[in-house]
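Structure first, then comments.
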Amino acid sequence: MSDKANVKGQRIPSGSPGAFGAKTEEAPVQGKKKQQFFRSDTYFTVCIYVFLLVVCSALAVKAIFSFDDVRRVVAGWLRAISPFLIALLIAYILGPFVEAANRLLKKVFKKMPDKPRMVLSMLVVYLVALGMVISLLVYVLPEVVNNLADMIRQVPAVYKAVLDFVEKLQTHFPDYDFAPFMDMLTNTQTDLVSSLQEISANLIPVLYTASVSIVSWAANFLIAMVVSVYMLYGRRQLLRIFKICVYTVVPRKNVPLVREVLYDCHRIFGQYVTSKMVDSLIIGVLCYILMTILRLPYVFLISVVVGITNMIPYFGPFIGAVPGIVIMLVVSPVKALVFAVMILCLQQFDGLYLGPKLMGNSVGMKPIWIIFAITLGGKFFGVVGMFLGVPAVAIMAYLLERLVRHKLKEKNMTMEEIT
């Protein structure tokens, strides 16, 4: 009995064999802490990249399968921020002129402080720019409207002259059938009359829509002018913020390379836009002077068309010359020939002397790439895309060349060795 009592009263140590030779489980230790969650920067970065990849893929799929909706949304956002985009463009264009005026005033007024000199230079440049815009609106625009009105008044006489010419051809060449051509002219006249009647019936809504558009455009332009002043005056603070963002995102050792690339892109785009605008302005003024000397009609209308279309490389001179030649043919074939010769000489002067002097090698692209940029830009963004497509493609070509040179340098090779 004592042995049994001793067995019953004896405590079996943990981990020792039990009654059937099995080991007992250890009792949990009191006060022992559970394993905590430790943050891993590597896994966190991978999760962020995966999340961004999923979001970007979803947005890309949405944009592809709902392209019209996405385009409407983007167009709405662009209309909303259009004053700020116009202000950025104004500041970007007038910036070099403000810097040039600031340097000139610094030479003239050596003791003038920096801020008053900057304000004075901005005031001079903006007054000149506003004076040019007001001159265009007051003097050039009414003359262009008068030229268009005069052309519309001459449409019936031109139509009758064409009909008489076709009838004379039918008389002199009875073997040929000019009936399809006569039917086409008659249908054209009918369509023109119906279009004019429709416009007359909807004249009040059209005038209301045009008035609202003009008021909206004027308001956006005024807002853009004010915002551009703030952008130019506070450009150092804006550059400082941009520099801070660059240093935040880019590793410190790569900052000089990024700054060099951004400066080259700015040089390519800015030099092209500014020099091309000055070049087109000079060509438009020269076209007006030459047409006035040669006593050609519709001087203001054709000069404005030639100046604006000259901003488009390669195709611009042809786009501007064709409407002028067609208009001159209506007036007189001799004057059309004179105008064609004048435009040819003017464009040769622009292409061989004026353009290289102003633009230099700001783009440095092959003609095939310029044609590609104009075609692609005009397809998606119209006339503005035809103009801005060239510097945009030039920047992409520059970045691609930098990337290729970097990859070849890693292989101890150069482009000159390959080519």
Side-chain angles (χ1 to χ4, degrees), residues 37-64 70-71 73-96 98-99 224 227-274 362-365 373 376-377 380-381 385 388-411 415:
F37 173 77
F38 293 97
R39 183 175 63 88
S40 175
D41 293 336
T42 303
Y43 292 149
F44 181 74
T45 305
V46 171
C47 292
I48 292 295
Y49 281 128
V50 171
F51 175 76
L52 292 176
L53 178 61
V54 172
V55 171
C56 293
S57 302
L59 292 176
V61 172
K62 176 66 176 178
I64 293 173
V70 173
R71 184 173 61 180
V73 172
V74 173
W77 279 101
L78 290 178
R79 283 194 299 269
I81 64 174
S82 59
F84 299 94
L85 296 178
I86 297 173
L88 181 61
L89 181 62
I90 293 174
Y92 195 83
I93 294 173
L94 297 183
V98 172
E99 291 292 338
V227 175
S228 67
V229 171
Y230 281 100
M231 286 182 176
L232 279 178
Y233 186 76
R235 69 189 188 284
R236 293 183 179 178
Q237 288 78 8
L238 294 176
L239 290 175
R240 178 175 173 272
I241 295 174
F242 181 75
K243 187 183 295 185
I244 291 174
C245 295
V246 170
Y247 273 90
T248 303
V249 176
V250 180
R252 187 180 183 88
K253 63 178 182 179
N254 295 332
V255 169
L257 177 61
V258 173
R259 293 181 62 179
E260 180 185 354
V261 171
L262 292 177
Y263 174 78
D264 289 338
C265 294
H266 162 70
R267 178 186 57 80
I268 293 171
F269 190 86
Q271 185 178 353
Y272 176 82
V273 172
T274 305
S362 59
V363 177
M365 291 174 58
L376 196 64
F380 291 100
F381 302 102
L388 297 180
V390 176
V393 173
I395 290 175
M396 289 189 287
Y398 164 75
L399 296 176
L400 181 61
E401 182 182 356
R402 290 292 299 253
L403 178 62
V404 170
R405 289 185 179 276
H406 176 70
K407 293 298 183 181
L408 290 177
K409 187 178 180 180
E410 292 180 349
K411 299 180 180 180
M415 293 182 63

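Please read all numbers here as calculations on a predicted model, not as lab measurements.
- With rounding to the nearest 0.5 Å, the separation of CD1 in I268 from OH in Y398 is 6.5 Å.
- The side-chain heavy atoms of F242 and L238, taken from C-beta on, include no pair separated by under 4.5 Å.
- Note that the CG atom of D264 and the CD atom of E260 stand 5.5 Å from one another [nearest 0.5 Å].
- I395 CD1 to L400 CG: the interatomic distance, rounded to the nearest 0.5 Å, is 13.5 Å.
- Side-chain atoms of R259 and Y263 include no donor-acceptor pair closer than 3.5 Å.
- Rounding to the nearest 0.5 Å gives a distance of 13.0 Å between OG of S82 and CH2 of W77.
- Closest heavy-atom contact between A87 and S228: O-CB, 3.5 Å.
- Scanning both residues, A91 and M231, for their nearest heavy atoms gives CB-CB, 4.1 Å.
- Within the structure, every pair that satisfies the side chain to side chain donor-acceptor pair (under 3.5 Å) test and touches residues 84-96, not counting sequence neighbours, is listed here: Y92-H266.
- Of the possible polar contacts, none joining the R402 side chain to the L399 backbone as a donor-acceptor pair under 3.5 Å is found.
- The two atoms that bring A373 and V393 nearest to each other are CB-CG2, 3.4 Å, heavy atoms only.
- Atoms CD1 and CG, from I64 and L59 in turn, are 11.0 Å apart once rounded to the nearest 0.5 Å.
- Listed by chain and residue number, nothing satisfies the side-chain hydrogen bond (donor to acceptor under 3.5 Å, both in side chains) test with Q237 (two or more places apart in sequence, or in another chain).
- Every salt bridge (Lys or Arg N to Asp or Glu O under 4.0 Å) that R405 has, sequence neighbours left out, goes to E401, E416.
- Closest approach of V250 to V258, counting heavy atoms only: CG1-CG2, 3.7 Å.
- Counting all heavy atoms, side chain and backbone alike, F84 lies closest to V227 at CD2-CG1, 4.1 Å.
- Note that CG of L239 and CD1 of I244 are 11.5 Å apart. Values are rounded to the nearest 0.5 Å.
- Of the listed residues (I93, L85, I86), just one forms a side chain to side chain contact (heavy atoms under 4.5 Å, CB included) with L89, and that residue is I93.
- Residues A224 and P83 approach most closely at CB-O, 3.4 Å, considering heavy atoms.
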